[in-house]
Amino acid sequence: MEDSLYISNSNMKKSSTKILICFITILLCLYCFDCILGYVMRYISQRNLEKEHCGLNYCLNAATADIIILGSSSARANYIPQLIGDSINSHLGTKYSVYNTGNTYQDFPYFYCEMKSLMDRKIPKIVILDLQPWTLSGPTNMSALKFMRPYYNTNSHVKEVLDDNETFLHRVLMNFEMYKYNEEFFDLLSSYLYPTTKYPMGFWALDGEEKDYEIIPENDNREVNPLSKQEFEKTIQIAHNNNVKLFVSISPYLRYIDRNSPAYKEIVNMCKKYNIPFFDYSNDLELVKGELFHDTMHLNKKGATILTKKVSSELLKSL
Amino acid sequence: MVVNSIIFWLFFAVVSIPYFVFFRKSCRGQNLWLLLASYFFYGWADWKMIPLLIIITIVFYWLGLQIEKNNVSNPKRASHLTTLGVVLGVGVLFYFKYLGFFVQEFAHLFESFGLKTNLSTFSIIMPIGISFFTFKLISYVIETHRQNIQPTKDFVLFSTFIAFFPTILSGPIDRPGEFIPQLSQSRTFNYDNVAEGARRIIWGLFLKVCIADRLFGYTSAILDNYTHHNATSILIASLLYSIEMYTDFSGYSEMAIGVSQILGLKVRENFLRPFLSQNNSEYWRRWHMSLTTWITDYIYMPLNVRFRDYGQYGMYLAIFINLVVIGAWHGANWTFVLFGAYHGLILVIIAATEKRRRKFEKKYSLKKKAYYKYPRMLLTFFLVTLGLIIFRANNLSECFDIIHRLTYDYSFPFTNKTTFVFGLPFILLLIFKEFKDENKYNIHFLHSKKLSVRLISIFLLLICVFLCGNLDGGQFIYFQF
């Protein structure tokens with residue numbers, strides 16, 4: 001009995017040592033890979049800074065423009081920077097540059113990082129904030145924050161936002177490059193290897209038409225999310241404190257937007273309270289047509305041209 | 001606490017260190033520690049249901065002992081007690097899983113006749129993992145009655161078998177005859193077990209985060225909003241959903257088997273490359289094997305014996321009922337019943353044509369011919385996919401609507417960069433591995449004879465998981481069942 005126990009103990013010791021060696025070897029290899037990945041990705045990010053099409057990296061670290069469009073993918077597809085710039089510059093005799101920073105799923109934490117990062121380099125004259133009628137209801141889209149993880153160590157505003165919004169565990173994991181660049185490495189790498197000029201000034205032209213559609217009422221009865229309201233106010237304050245002229249705009253959608261929803265009313269109230277020009281194209285009959293939409297949420301290029309012209313003329317009235 | 005979360009791995013480390021260090025000499029100590037860990041794990045998921053789990057464990061423990069006591073001296077009483085056990089197990093399952101559904105169906109029926117009911121708010125919270133642990137309990141009393149096992153007198157051991165944390169939420173469904181004897185011996189820390197367990201965990205993690213969670217974004221975007229998408233997108237999403245379902249569930253099973261193996265316990269295999277099956281009958285022998293063998297042993301076999309007077313038709317009926325039960329086991333929805341009936345019908349056709357098919361295959365020596373084998377594999381995959389469309393739909397009308405939409409508008413599909421960039425290469429890797437394993441080629445990355453190759457394979461898989469996997473992924477699909 002004692003013999004077998006001795007054998008068992010000795011086997012266990014051998015097994016533990018072997019397992020421990022394998023475990024440490026794999027951990028060391030992973031650590032080395034992680035360091036190399038971080039180095040390569042930082043190099044690529046740096047090289048990509050000159051490229052406008054490079055989305056978030058360009059917005060956070062290089063973009064400088066006099067007129068900035070902030071918003072989600074709707075903003076990116078609906079506002080043509082070139083048209084806004086031409087319209088304003090020809091009427092006012094200025095040489096304002098315009099950049100569309102719209103990005104998929106993005107929300108106030110993202111707008112905050114973009115505005116602050118832009119202002120660190122150059123304070124814009126005008127900011128057009130494209131909001132969805134339901135932006136202030138429902139939770140903040142936390143999964144969208146992962147787009148910003150690669151810039152955690154290089155951008156103090158991103159660090160601030162991620163530290164505020166992510167859990168302790170995520171903050172620990174942020175020390176690993178593989179976690180930070182998870183999924184995002186592909187965009188950085190592909191725009192480095194295959195640069196494209198498809199997206200001038202951040203605008204993504206969409207084609208196609210939405211044929212099979214039905215305009216259904218969008219009833220959003222959810223209460224206003226206090227956190228989103230606070231973030232909205234924070235964005236307004238930043239603009240006011242820096243003498244930036246802020247405009248709030250609501251894009252059209254292929255659905256009927258309920259203007260009595262608490263979230264919509266709150267946007268209107270906030271704009272009134274802070275004296276912000278507010279343009280609402282959500283139920284604009286000239287725009288809410290299938291042939292002007294790529295899908296129910298995004299205008300095609302033809303639709304974007306009409307909307308941008310409307311926005312530009314409104315901007316000129318307010319300037 | 002899902003098995004692909006960091007919290008689980010911290011919990012597992014806390015469980016396994018004392019398990020091998022302090023309790024290695026005591027089987028009872030190990031079992032008690034495992035039981036406490038299992039209740040903690042279950043309580044983390046749903047602490048309100050722990051009393052139910054404990055009470056039902058006590059009742060079945062007592063039933064097991066009583067059945068054994070009466071098996072020889074009073075067989076009639078033993079038989080009654082077994083029936084009581086089965087009725088109790090099925091009753092608990094029915095109450096928590098199906099009663100709410102039937103009540104609402106009756107309410108709808110009454111309302112369609114103009115009678116008002118007040119049952120629209122009737123709802124029962126289903127304990128997580130109930131479909132899995134009730135099946136373990138039922139098999140325990142049946143096996144005891146059949147005298148295939150000796151019921152254990154050790155309550156801690158029995159409770160550990162029922163609540164064993166790697167398998168309680170989503171299986172595999174262990175059999176008492178295989179699992180209880182393992183719990184009767186103390187388990188030592190063993191290199192082979194730990195290494196093999198770790199390999200299976202990493203492979204399972206890869207299947208879950210690199211394939212299943214990557215495909216989820218696309219399949220849910222299309223199938224949850226199928227009215228906005230064309231037939232091409234729905235078809236691609238449906239085909240990918242089959243792969244998502246497989247990798248999600250087999251990923252979980254691999255991790256559960258791996259965790260158990262590290263703890264020195266062997267649990268049942270659940271999958272054997274089901275998409276390489278050449279017909280649906282073979283598919284069901286390779287898919288969710290712990291459930292299908294359970295239902296075959298305890299439902300199909302007795303039914304087959306009962307219906308034997310009806311000859312072949314009796315067998316067909318037994319097959320059909322068997323598959324309907326498998327379908328209905330998944331939940332209280334007519335779609336699951338239809339899913340079972342659909343597969344049942346296919347299996348009946350296969351059984352009815354088997355003799356002629358074999359004769360034909362023999363005559364032309366077709367069995368191993370690639371031009372015969374691979375199209376059959378593809379056909380089986382398409383038939384399984386069609387079944388999963390029924391399975392995934394929220395109700396019957398949605399299911400028929402999706403199938404109807406598959407018949408027209410094959411224009412350019414909706415694309416999702418992350419799904420196709422990160423998901424498809426790994427699907428190809430999975431297909432390669434499945435064929436390699438099926439044909440027993442002599443290349444085994446994770447099981448190579450060389451330690452260096454094994455370590456490099458693990459290292460590469462971990463890089464895929466951390467760099468390309470969906471680290472913010474969600475729950476396992478089978479948790480809802």
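- Crowding of B/Lys433 atom NZ: a count of heavy atoms from other residues, nucleotides or ligands under 6.0 Å exceeding 12.
- Interatomic distance, A/Leu37 CG to B/Phe466 CZ, rounded to the nearest 0.5 Å: 13.0 Å.
- Counting heavy-atom pairs closer than 4.5 Å to chain B, the top-ranked of the candidates A/Lys180, A/Glu183, A/Glu177, A/His170 is A/Glu183.
- For B/Arg28, the CZ atom is loosely surrounded, since the number of other residues' heavy atoms within 6.0 Å does not exceed 12.
- You'll find the side chain of B/Phe459 stays beyond 4.5 Å of the side chain of A/Thr25, heavy atoms only.
- Between B/Leu455 and A/Cys22 the shortest heavy-atom distance is CD2-CB, 4.0 Å.
- No more than 12 heavy atoms of other residues, nucleotides or ligands sit less than 6.0 Å from atom CZ of A/Phe168.
- With a 4.5 Å cut-off on non-hydrogen atoms, B/Leu451 touches chain A through its side chain but not through its backbone.
- For the atom pair A/Asp34 CG and B/Ile463 CD1, the distance stands at 9.0 Å (nearest 0.5 Å).
- Among pairs with a residue in residues 217-236 of chain B, those fulfilling salt bridge (Lys or Arg N to Asp or Glu O under 4.0 Å) read B/Asp224-B/Arg392, at least two apart in sequence or across chains.
- Formation of a donor-acceptor pair under 3.5 Å by the B/Asn190 side chain with backbone atoms of A/Ser15 is not found in this model.
- With rounding to the nearest 0.5 angstrom, the CG atom of B/Asn470 is 5.0 Å from the NZ atom of A/Lys146.
- Between A/Phe185 and B/Phe422, the distance separating the two ring centers is shorter than 6.0 angstrom.
- By the side-chain contact (heavy atoms from CB on, under 4.5 Å) test, B/Asn416 is found to be paired with B/Tyr218, B/Phe414, B/Thr418, B/Thr419, residues two or more places apart in sequence or in another chain being considered.
- The greatest number of non-hydrogen atom pairs below 4.5 Å with chain A, out of B/Leu462, B/Asp192, B/Val421, is found for B/Val421.
- Within a 6.0 Å radius of CZ in B/Phe216, other residues, nucleotides and ligands contribute 12 heavy atoms or fewer.
- Put simply, the side chain of B/Ile458 reaches to within 4.5 Å of the side chain of A/Ile26, judged on heavy atoms.
- Contact annotation for B/Val209: neither backbone nor side-chain heavy atoms come within less than 4.5 Å of a heavy atom of chain A.
- Inter-residue side-chain proximity for B/Leu471 and A/Leu173 is flagged as unmet; no heavy-atom pair is nearer than 4.5 Å.
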Evaluation steps, side-chain contact (heavy atoms from CB on, under 4.5 Å), between A/Asn182 and B/Leu467: CA-CA 4 Å; A/Asn182 170 276; B/Leu467 201 56; 5.5 Å; no
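- Contact annotation for A/Leu169: only side-chain heavy atoms (C-beta onward) come within less than 4.5 Å of a heavy atom of chain B.
- Crowding of A/Tyr256 atom OH: a count of heavy atoms from other residues, nucleotides or ligands under 6.0 Å not exceeding 12.
- Between the OH atom in B/Tyr191 and the OG atom in A/Ser16 there is a gap of 12.0 Å [rounded to 0.5 Å].
- Contact count versus chain B (heavy atoms, under 4.5 Å) is highest, among A/Tyr179, A/Tyr181, A/Phe33, for A/Phe33.
- For B/Arg454, no part lies near chain A; criterion is any non-hydrogen pair under 4.5 Å.
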